[in-house]
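Down below is the structure, laid out as structure tokens.
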Amino acid sequence: MVDLMGLDRAASIDDLRLRARRRIPRFAFDLVDGGAESERNMRRNIEAFEEVELTPRYMVDVSDIDMRATLFGQTYGAPFGMAPIGMLNAFWPGADLTLAKLCKRRNIPYVASSAASTTLEALATAADGNGWFQLYVSSDADVTEGLIARAEAAGYTTMLVTADVPAAGKRDRDIRNQLAVPFRITPEVVAGLIANPRWSLETLIHGKPNIANYADLLQGATSYADVQKTLITPGFTWEDLKRLRARWKGKLLVKGILHPQDAAQCAELGCDGIVVSNHGGRQVAFGPATIDALPAIAETVGGRMTIILDSGIRRGADMFRAKARGADFTFAGRALAFGVGAGGQRGAERAFDILQLELIRALGQLGVPSFAAVGSS
Ligand code: FNR
């Protein structure tokens with residue numbers, strides 16, 4: 001196929017990010033690209049990966065590289081999945097379904113966010129057996145139970161409970177861009193729409209993005225505080241997690257773990273796994289990079305439960321680094337989102353291909369022909 005968009009010339013996830021930035025209005029781009037406060041933690045995630053050096057071993061037969069990974073009895077085509085991202089259709093119209101279908105085609109997990117801009121039922125259909133569900137615990141127990149019951153009915157068998165949002169993160173870019181509920185049309189917004197006609201047209205076709213799973217509940221919302229109360233709660237505790245564990249019959253993982261003792265407590269409560277994550281540096285600016293937090297966690301709970309790592313994955317070698325430090329699997333958030341922003345479905349495919357080819361090369365260069373065999377040595 002002729003590469004009219006020039007996507008084949010995007011060599012890295014960073015190249016795709018720059019392409020996305022050129023096609024998307026500032027306020028929508030920043031919504032995904034931004035982090036908490038000074039964004040130190042967001043930058044640190046990436047720097048810390050780069051600081052983990054890997055020493056090649058040569059004269060190993062690497063003519064047949066196997067990067068498959070098995071989780072909970074299901075074998076995936078690559079050791080990374082799509083992290084849950086809320087309101088992603090605001091970044092690029094139709095992004096949720098594009099990514100859910102990509103994950104099915106490439107046989108990797110797709111995690112449907114509670115706060116997605118597409119319903120969890122439609123995402124389950126699109127991901128077709130590769131869908132996992134991410135739960136935000138609401139301040140209203142009925143809202144939480146309603147989501148769990150819907151996820152069950154839609155056929156999800158793996159649920160991630162996100163623990164790292166006792167309050168919404170403070171994102172300075174969103175404040176500067178005057179993002180508010182209800183959405184306000186400012187002169188900057190108008191300028192952004194005119195400067196990005198493709199995004200504006202697609203948004204017109206797809207309709208205004210919303211938080212689809214709560215569309216009815218949020219109809220009358222007049223402030224961020226209303227939205228937050230529906231979506232999250234500062235009162236989520238270990239007692240609630242215990243109840244969720246008893247309630248959810250499928251696999252249950254806790255997302256947003258950074259402390260070894262929290263990881264140990266998840267194991268004691270019978271959780272099947274954790275996601276070592278700092279929400280892509282969107283919650284706090286002062287925390288550790290996940291690749292730095294990982295070794296102590298792996299030492300505490302490795303072998304007792306599945307460990308997944310996200311936040312800062314931008315290169316195939318990052319998955320190798322994560323596995324070498326004790327993770328079983330990884331999630332990419334922005335990396336795949338930037339692909340969609342750079343070129344819709346073809347951009348998403350390009351992002352996947354870049355990560356996959358980089359990983360295959362890393363395995364070959366490092367003399368480890370199978371991802372499953374990557375260890376600390
Ligand atoms: C997120 N993340 C997230 N996590 C979650 O559990 N539920 C959610 O709804 C969201 N929403 C969300 C929106 C946006 C715009 C971003 C960028 C991230 C966090 C996400 O699942 C994941 O932890 C990070 O994206 C990982 O960091 P990288 O890969 O983006 O660096």
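Keep in mind it's a predicted model, so treat the numbers as computed, not measured. Counting starts at 1 for both ligands and their atoms, in listed order.
- For the pair Asn130 and Gln74, the minimum side-chain heavy-atom distance is below 4.5 Å.
- Residue, atom and distance of the protein heavy atom nearest to atom 31 (O) of ligand 1 are Gly312 N, 2.8 Å.
- Counting protein heavy atoms only, atom 25 (O) of ligand 1 is closest to Gly333 CA, 3.7 Å.
- Here the closest heavy-atom approach between residue Ala151 and residue Phe133 is recorded as CB-CD2, 3.6 Å.
- What you find for Ile257 and Cys266 is that their closest heavy atoms are CD1-SG, 3.9 Å.
- Considering only non-hydrogen protein atoms, atom 4 (N) of ligand 1 sits nearest to Lys255 NZ, 3.0 Å.
- Atoms of ligand 1 found under 4.0 Å from any heavy atom of Leu31 (numbered from 1 in listed order, with element): 15 (C).
- Nearest non-hydrogen protein atom to atom 9 (O) of ligand 1 is Ser113 OG, 2.7 Å.
- The nearest protein atom to atom 11 (N) of ligand 1, hydrogens excluded, is given as Gly86 N, 3.0 Å; this is a heavy-atom distance.
- By the 4.0 Å heavy-atom criterion, Met87 is excluded from the residues contacting ligand 1.
- Taking a 4.0 Å cut-off on heavy atoms, Ala335 fails to register as neighbouring ligand 1.
- Considering Asn278, Ile274, Val284 as possible partners of Leu258, the one that fulfils the side-chain contact (heavy atoms from CB on, under 4.5 Å) test is Asn278.
- Among all non-hydrogen protein atoms, the one lying nearest atom 6 (O) of ligand 1 is Thr162 OG1, 2.7 Å.
- With Arg19 contributing its side chain and Met5 its backbone, the two residues share a donor-acceptor pair below 3.5 Å.
- Although no hydrogens or angles enter the test, the distance criterion places a donor-acceptor pair under 3.5 Å between the side chain of Gln283 and the main chain of Asp164.
- If you check each of Pro84, Gly169, Gly280 against atom 20 (C) of ligand 1, the one with the closest non-hydrogen atom is Pro84.
- Close approach of ligand 1 to Val32 is summarised as follows: ligand atoms under 4.0 Å from at least one heavy atom of the residue are 15 (C), 17 (C).
- The protein non-hydrogen atom at the shortest distance from atom 19 (C) of ligand 1 is His279 CD2, 3.4 Å.
- Scanning the protein for heavy atoms near atom 17 (C) of ligand 1, the closest one is Arg282 CD, 3.4 Å.
- Looking at Asp30, its side chain never comes within 3.5 Å of a backbone N or O of Gly34 through a donor-acceptor pair.
- A parallel orientation is assigned to the rings of Tyr136 and His279, their planes being inclined by less than 30° (bins at 30° and 60°).
- Distances below 4.0 Å separate heavy atoms of Arg314 from the following atoms of ligand 1: 28 (P), 29 (O), 31 (O).
- In this structure, of Leu88, Leu135, Asp310, the residue bringing a heavy atom nearest to atom 22 (C) of ligand 1 is Asp310.
- For ligand 1, the atoms lying closer than 4.0 Å to a non-hydrogen atom of Ser277 are 23 (O).
- The closest approach between a heavy atom of Tyr136 and any atom of ligand 1 is below 4.0 Å.
- For Ser376, there are no side chain to side chain donor-acceptor pair (under 3.5 Å) partners at least two apart in sequence or on another chain.
- Taking the six-membered ring where tryptophan is involved, the planes of Phe27 and Phe183 are tilted, since the angle between them lies from 30° to 60°.
- In plain terms, the two heavy atoms of Gly312 and Phe49 that are nearest each other are O-CD1, 3.5 Å.
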